[in-house]
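Start at 1 with the first residue, then count along the sequence.
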Amino acid sequence: MNELLDPLLLSRWQFGLTTIYHFLFVPLTIGLASTAAVFQTAWYRTGKAEYLRITRFFGSIFLINFAMGVVTGIVQEFQFGMNWSEYSRFVGDVFGAPLALEGLLAFFFEATFIGLWIFGWDKLPRGLHLATIWATAIGSIMSAYFIIAANAFMQNPVGYELNTEKGRAELVDIWALLTNPVAVAAFPHTIAASFMVAAGLIISAAAWHLARNQHLDTMRTALKFGLWTMVVAGALTTLFGDQLSLAMVETQPMKMAAAEATYDTVCGADASFSLFTLGTPDGSTELFSIRVPYLLSFLSTHTFDGCVEGINDLQAQYTELYGPGDYAPIIWVTYWAFRWMIGLGMLHVFIAVVGLWLTRRGRMPRHPLVWKAAIWSFPLSLAAMIVGWVFTEMGRQPWIVFSLMPTESAVSPNVSGLEVLISLVAFTLIYGVLAVVEVRLVIRAIRSGPPEVGEPDPETGRVEPATTVY
């Protein structure tokens, strides 16, 4: 019973639950804001009704998602003071800087222009109104960078000094913090993956209508856009992910070793990529594996004769550096999260490639299974991002700030397990209700289809919004 009421375990579960739930909205917000900006730009340049309809259609889904993201994001900030006060005390001076920039600069920037976009359709000049949605999209991307920079400090602490008198880390170089190599590598990887998630929703929504022969001209355009975005964003996610893996090998070799279940240091042909591995229950020895020779060496060092340090060797090094302890993360979690991330993302890209082939030269598939596959494929990229986040955070364990602060030292000392359990149950129930509300609102918006717009101008052929859009 005492183990079940362990404040550290429950606090980790609560933070994981609330963060994953909030993360459901982040990539869609980033991707859909830019999608609305792209199609509104197309409407601004051409005046075509289909571009305006698509802008309004996906803009409404973006607004629903943005509102839910704000509500769930606020909870994240409070947890640092409630359940992780020792962490906040130790690194608050450093960690708080990018969070403040995100809130005071990026979020307020985004929120201001999103308001102008919502209410400015019939009040602002077309060009100025177009600028508001681009500002909103830029603000969402800026917000993501500051959050990634804060998280990158936990993976690779830079730009700080330890104040031994106060027993905390203090910020001395904001530029070093914001240009952390891990943040620089993780940012484009995350943004490209966010566009994959948004593309998945666009594909599913368009496929739902096309399967029913509804809004054909509008949804064909949306479908093509979603399919090409998925393929291009998938390729970019892979390329940027390769750069992130190099940064991970440099800063957190234990995470890479755990991702590959590599127990002993290997080089060249022995540094193979594991497709499937079984190990002993204590996670110290490999029993069986299926591997691709040289591939791990190439992914980790960009050479075929490079070496990758193993879990056992790194454990010995860390024991000498930091004292006795288990410095390996949970191997099966990091190993399979890494593979699910790659596999789910690749599957979604494959579906998009097939979709491009089936819809080439204006063709539309007739078999209902094709449309069902497109509709139900939406969660793939989103699930890939979630397990990617799980890999990133679980692979850092047992550290909350790598090499500086163990996770067990970061939990609030005066919060009981029962108190955390009560808040965990409450959050779970509330988030469950919010999930139902979110899903119903999004499904309703998708089923409603693109809204009607005004009649084309007889002289110019341009189509203008009939009324205020939202």
Q. How far apart are the C-alpha atoms of Glu50 and Thr221, what are their side-chain angles, what is the distance that settles it, and do they pass the side chain to side chain donor-acceptor pair (under 3.5 Å) test?
A. CA-CA 8 Å; Glu50 64 182 282; Thr221 301; 2.5 Å; yes
Hey, does the side chain of [X] reach the backbone of [Y] with a donor-acceptor pair shorter than 3.5 angstrom?
X: Asp93; Y: Leu171; value: yes
X: Gln14; Y: Leu424; value: yes
X: Ser245; Y: Asp242; value: yes
X: Ser377; Y: Ala374; value: yes
X: His209; Y: Gln214; value: no
X: Thr407; Y: Pro398; value: yes
X: Ser204; Y: Leu201; value: no
X: Arg360; Y: Trp357; value: yes
X: Tyr21; Y: Thr428; value: no
X: Ser11; Y: Leu8; value: no

Q.
Could you walk me through whether Asn151 and Glu393 satisfy the side-chain contact (heavy atoms from CB on, under 4.5 Å) test, starting with their C-alpha distance in whole Å, then the side-chain angles of each, then the deciding distance to 0.1 Å, before giving a yes or no?
A. CA-CA 9 Å; Asn151 182 266; Glu393 299 306 300; 3.0 Å; yes
Q.
Going by side-chain contact (heavy atoms from CB on, under 4.5 Å), Phe402 matches just one of Gln155, Met254, Gln252, Lys255. Which one?
A.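 Checked Gln155, Met254, Gln252, Lys255 against Phe402; only one passes side-chain contact (heavy atoms from CB on, under 4.5 Å): Gln252.
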Q.
Looking at Trp208, I'd like to know if the NZ or CZ of Arg212 sits under 6.0 Å from its six-membered ring centre while staying within 45 degrees of the ring's axis.
A.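 Geometry flag: set, cation within 6.0 Å and 45°.
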**Q.** Over-ring placement of Arg396 relative to Trp399, 6.0 Å and 45° cut-offs
**A.**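 No, Arg396 and Trp399 do not form such a contact.
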Salt bridge or not for [X] and [Y], using N-O below 4.0 Å?
X: Arg339; Y: Glu260; result: yes
X: Glu86; Y: Arg89; result: yes
X: Arg168; Y: Glu170; result: yes

**Q.** Within 6.0 Å of CZ in Phe427, more than 12 heavy atoms from elsewhere
**A.**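 Above 12, so yes.
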Q) Does atom CH2 of Trp134 have more than 12 heavy-atom neighbours from other groups under 6.0 Å away? A)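 Counting other residues, nucleotides and ligands, CH2 of Trp134 exceeds 12 neighbours.
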Q.
Show, in sequence, the C-alpha distance, side-chain angles and deciding distance for Val231 and Leu227, and conclude whether the side-chain contact (heavy atoms from CB on, under 4.5 Å) test is met.
A. CA-CA 6 Å; Val231 173; Leu227 293 171; 5.8 Å; no
Q) Relative to the ring of Trp121, is the ring of Trp117 parallel (under 30°), tilted (30 to 60°) or perpendicular (over 60°)? A)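 Trp117 vs Trp121 ring planes: tilted.
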Does any part of the side chain of [Y], heavy atoms only, come nearer than 4.5 Å to the side chain of [X], both counted from C-beta?
X: Ser140; Y: Ser34; result: no
X: Phe62; Y: Thr29; result: yes
X: Phe57; Y: Phe39; result: no
X: Met219; Y: Pro450; result: yes
X: Ile147; Y: Pro98; result: no
X: Phe66; Y: Leu32; result: no
X: Glu438; Y: Leu24; result: no
X: Met385; Y: Thr190; result: yes

Go through the side-chain N and O atoms of [X] and [Y] and say whether any donor and acceptor fall under 3.5 Å apart.
X: Gln40; Y: His129; result: yes
X: Glu110; Y: Thr136; result: no
X: Asn83; Y: Ser412; result: no
X: Asn156; Y: Glu250; result: no

Q. Would Phe240 and Phe187 satisfy ring-ring contact (aromatic ring centres under 6.0 Å, His included), going step by step from the backbone distance to the final call?
A. CA-CA 9 Å; Phe240 294 137; Phe187 173 68; 9.2 Å; no
Nearest 0.5 Å, what's the [atom1]-[atom2] distance between [X] and [Y]?
X: Met346; Y: Leu380; atom1: CE; atom2: CG; answer: 13.0 Å
X: Ile203; Y: Ser381; atom1: CD1; atom2: OG; answer: 8.0 Å
X: Leu429; Y: Leu434; atom1: CG; atom2: CG; answer: 11.0 Å
X: Glu102; Y: Ile148; atom1: CD; atom2: CD1; answer: 11.0 Å
X: Trp175; Y: Asn180; atom1: CH2; atom2: CG; answer: 12.5 Å
X: Trp43; Y: Arg126; atom1: CH2; atom2: CZ; answer: 6.0 Å

Where [X] and [Y] come nearest, the two heavy atoms and their spacing:
X: Val94; Y: Tyr160; value: CG2-CB, 4.0 Å
X: Ala199; Y: Gly226; value: CB-O, 3.5 Å
X: Thr41; Y: Ala37; value: OG1-O, 2.7 Å
X: Ala445; Y: Ile64; value: CB-CD1, 4.2 Å
X: Lys224; Y: Leu356; value: NZ-O, 4.1 Å
X: Thr132; Y: Phe113; value: O-CB, 3.5 Å

Q) Run the ring-ring contact (aromatic ring centres under 6.0 Å, His included) check on Phe95 and Tyr87 step by step: do they pass? A) CA-CA 10 Å; Phe95 190 78; Tyr87 169 79; 5.3 Å; yes
Q: Report the C-alpha separation of Ile191 and Ile30 in whole Å, then their side-chain angles, then the decisive distance to 0.1 Å, and conclude whether the side-chain contact (heavy atoms from CB on, under 4.5 Å) test is met.
A: CA-CA 8 Å; Ile191 298 301; Ile30 294 171; 4.0 Å; yes
**Q.** Trace of the side-chain contact (heavy atoms from CB on, under 4.5 Å) decision for Met230 with Ile351
**A.** CA-CA 9 Å; Met230 178 65 72; Ile351 290 173; over 6 Å; no
